[in-house]
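Take a look at the structure below.
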Amino acid sequence: MSSNPFRLYECPATRSDRIKFMLEELSIPYDLKLIDLAKGDHKTSEFLKLNPYGAVPVLEDIEKKLFISESGAICEYIAMNYKQKLYYPNEMSDEFIRYKELMYFAVSSLDPICLTILHHAKSLAPENRSVYLLEDAIKNFSYCAQFLEHALKDKTYVLGNSISTPDFIIAATLIWVKEEVAKHPILQKYIENILKLPSMIKVRNDIKNRLK
């Protein structure tokens with residue numbers, strides 16, 4: 001049995017990177033289990049027992065034999081168990097409401113908009129791209145940017161000068177759309193700071209090395 005607390009079922013250049021960023025930044029040891037999407041590993045009967053939806057990431061709490069899917073839920077689970085390693089607002093405070101607002105914004109608003117831009121600007125074959133969907137997503141991203149620039153005003157991170165759970169999702173998502181981020185100076189500065197973190201450098205180098 002592993003001596004590490006977690007095992008991450010993942011594939012590079014997916015939402016798994018958010019979890020790796022968080023675990024690396026908080027210096028939490030973990031095991032990696034590659035789920036090769038190109039080979040269909042995520043649709044095998046073995047993996048579907050862990051996540052019936054058939055998607056990565058999945059985090060296993062090894063001691064508890066607990067499996068968690070959905071990157072937002074995984075990040076929250078890690079934060080709840082390692083509150084001493086990052087900024088985690090008092091659950092009775094107004095700041096905790098702001099924390100929850102940013103978490104829901106990250107996964108339900110920012111993520112799908114950025115993913116649409118990524119797909120229709122880069123990752124899809126040209127014949128499968130939609131100019132309409134791309135333009136609409138870029139317009140909606142501008143509203144997301146306004147929301148985030150308000151949150152980041154005079155701050156290093158979205159909840160202050162210490163990193164918190166929403167940052168791991170928001171920053172890793174913004175990296176998908178660096179061309180749009182560059183149009184917004186506060187977001188650009190935020191991402192530049194994130195990209196200098198040794199934890200993010202390690203995650204990005206790992207992606208490059210494994211996708212060669």
Side-chain touch [X]/[Y], heavy atoms, less than 4.5 angstrom:
| X | Y | value |
| --- | --- | --- |
| Leu86 | Asp167 | no |
| Lys189 | Leu152 | no |
| Asp31 | Leu8 | no |
| Cys75 | Ile19 | yes |

[atom1] ([X]) with more than 12 external heavy atoms under 6.0 Å:
| X | atom1 | result |
| --- | --- | --- |
| Lys155 | NZ | yes |
| Glu70 | CD | no |
| Asn128 | CG | yes |
| Phe96 | CZ | yes |

*Taking only residues two or more places apart in sequence or in another chain, which ones pass side chain to side chain contact (heavy atoms under 4.5 Å, CB included) with Tyr143?*
Lys139, Asn140, Gln146
*Verify the ring-centre separation between Tyr82 and Tyr88: is it less than 6.0 angstrom?*
no
*If the plane angle is over 60° it's perpendicular, under 30° parallel, otherwise tilted; pick one for Tyr190 and Tyr157.*
perpendicular
*Taking the inter-plane angle between the rings of Phe21 and Phe168 on a 0 to 90° scale, is it parallel (under 30°), tilted (30 to 60°) or perpendicular (over 60°)?*
perpendicular
*Phe47, Phe67: one ILVMFWY side-chain cluster at the under-4.5 Å cut-off?*
yes
_Linked, directly or transitively: Tyr77 and Ile62 (ILVMFWY side chains, under 4.5 Å)_ = no
*Only one of Leu32, Ile28, Ile74, Val203 passes side chain to side chain contact (heavy atoms under 4.5 Å, CB included) with Leu23; say which it is.*
Ile28
*To the nearest 0.5 Å, what is the distance between NE2 (His184) and CD1 (Ile186)?*
10.5 Å
*May I have all residue pairs that pass salt bridge (charged side-chain N to carboxylate O under 4.0 Å, His left out) and include part of residues 100-124, sequence neighbours excluded?*
Arg15-Asp111, Arg18-Asp111, Glu76-Lys100, Arg98-Glu101, Lys122-Glu179
